[in-house]
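First the structure, in the form of structure tokens, and then the observations on it.
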Amino acid sequence: MTNRTVYSILAIVLVFGVYGYEFFLNKKEEQAIVDSGREIKTPTVAFFLPTSTTGQVVHHQGYSLSYSESHEQAEWVAYELKKEHLSQTNFERPYFEIDKAVKTGAANWRNYKNSGYDRGHLCPAADRRYSKEAHDETFLTSNISPQNHDFNSGIWNTLEQKTRYWASKYNGVFVVTGGVLGRNLKTIGSEKVAVPNQFYKIILDYNDGNPKVLAFLMPHVNSIKPLYEFVVSVDTVEELTGIDFFPELEDAIETRIEALSDYRKWRF
DNA sequence: CTGTGTTAC
DNA sequence: GTAACACAG
């Protein structure tokens with residue numbers, strides 16, 4: 001065998017070897033995309049997850065969500081906000097990305113462009129600043145809802161800041177949040193992303209044997225009223241949305257705390 | 001903190 | 001598309 005033949009064989013093996021390896025990598029990546037969003041990630045505690053009325057629950061590293069295809073947004077986003085999650089790190093704002101883990105296709109961010117509405121985070125970027133990955137993951141289109149800017153930067157922002165305060169004060173809380181979705185809502189963009197008329201946020205402190213819960217229901221309008229004016233019972237939000245928020249909680253506890261709209265155990 | 005829009009490559 | 005910058009509640 002001449003040297004030339006040996007080199008030719010080596011070259012062929014090399015080329016096909018690289019091609020095969022890249023093919024293998026691509027397959028692996030495709031599989032990862034298909035599988036992504038199926039598994040409950042460690043920062044999210046399955047015990048606290050609400051029921052889904054849409055049948056499409058997606059799990060990310062930093063939060064879980066239930067996607068409503070007809071409204072092109074999540075009906076709820078749930079995550080644990082631990083005290084150690086709170087961080088002062090200031091990451092650069094990335095671009096929004098379509099959430100590939102949503103099988104029916106999550107909304108394109110272009111629906112929001114020039115719509116007059118903010119891309120309002122459901123799980124706030126500021127709640128996931130413990131790592132760049134967690135922070136950037138909040139910029140998926142499955143985690144946003146059209147929000148009036150005055151509302152988003154106003155009382156909703158105030159509520160988000162207060163939630164971080166409670167996470168710090170009570171050594172972590174569990175948060176579920178979303179817009180109240182329904183029929184005949186105004187829509188934006190070619191994909192008709194629904195604009196909720198109300199937003200809710202439910203905060204659970206489950207650290208000691210005496211769990212306490214707080215539910216907020218806010219009209220989609222800014223307000224200068226104090227936050228506690230918007231406290232309702234969890235039952236109220238459940239009736240409005242059809243979602244069962246803490247199905248795994250012991251029934252007796254669930255019945256008791258969900259009926260309350262008493263905020264005296266919480267410091268405002 | 002919460003965001004948007006414009007300009008230039 | 002991406003990056004830099006100005007702007008607003």
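Computed from heavy atoms alone, side chains included, the values below leave out hydrogens, waters and symmetry copies. Order of the sequence lines fixes the chain letters, A, B, ..., with proteins taken first and strands second; residue numbering starts at 1 for each chain. Everything quoted here is computed from the prediction, not taken from an experiment.
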**Report entry** Under the side chain to side chain donor-acceptor pair (under 3.5 Å) test, residues paired with N143(A) that sit two or more places apart
**Finding:** none
Query - With sequence neighbours excluded, residues passing salt bridge (charged side-chain N to carboxylate O under 4.0 Å, His left out) with R164(A) - result: D127(A)
Requested in this report: Identify whether any heavy atom of N90(A) sits under 4.0 Å from a base atom; if not, whether one sits that close to sugar-phosphate; answer base, sugar-phosphate or nothing.
Outcome: sugar-phosphate
**Report entry** Contacts of F47(A) that satisfy ring pair (Phe, Tyr, Trp, His ring centres under 6.0 Å) - sequence neighbours left out
**Finding:** Y206(A)
Query - Under-4.0 Å side-chain N/O to phosphate OP1/OP2 contact, H121(A) with dG3(B) - result: yes
Query - By side chain to side chain donor-acceptor pair (under 3.5 Å) - contacts of K162(A) (at least two apart) - result: none
Short N/O separations, protein against nucleotides 5-9 of chain B, under 3.5 angstrom:
unit_1: dG5(B); atom_1: OP1; unit_2: N114(A); atom_2: OD1; d: 3.3

**Report entry** Within residues 237-261 of chain A or reaching into it, pairs that qualify as side-chain hydrogen bond (donor to acceptor under 3.5 Å, both in side chains) - sequence neighbours excluded
**Finding:** none
Mind listing the side-chain donor-acceptor pairs of residues 178-199 of chain A below 3.5 Å, one per line with the distance, residues two or more places apart or on another chain?
unit_1: K186(A); atom_1: NZ; unit_2: Y117(A); atom_2: OH; d: 3.2
unit_1: E191(A); atom_1: OE1; unit_2: N108(A); atom_2: N; d: 2.7
unit_1: E191(A); atom_1: OE1; unit_2: N111(A); atom_2: ND2; d: 2.5

Requested in this report: Would you indicate, yes or no, if dC1(B) has its OP1 or OP2 atom less than 4.0 angstrom from a side-chain nitrogen or oxygen of R129(A)?
Outcome: yes
Query raised in the report: Which residue lies toward the 5' end of DNA chain B, T89(A) or F96(A), if each is placed at its nearest nucleotide?
Result: T89(A)
Report summary line: Applying side-chain contact (heavy atoms from CB on, under 4.5 Å) to T158(A) and not counting sequence neighbours gives L227(A)
Query - Ring centres under 6.0 angstrom apart (H71(A), Y67(A)) - result: no
Query raised in the report: Which letters describe nucleotides 1-7 of chain C, given B = protein heavy atom under 4.0 Å from base, S = only from sugar-phosphate, - = neither?
Result: SSB----
Query raised in the report: By side chain to side chain donor-acceptor pair (under 3.5 Å), which residues pair with H149(A), not counting sequence neighbours?
Result: D118(A)
**Report entry** Counterpart residues, side-chain contact (heavy atoms from CB on, under 4.5 Å), relative to Q88(A) (two or more places apart)
**Finding:** R129(A)
Query raised in the report: In residues 149-157 of chain A, which residues come under 4.0 Å of DNA chain B by heavy atom?
Result: H149(A), N152(A), S153(A), N157(A)
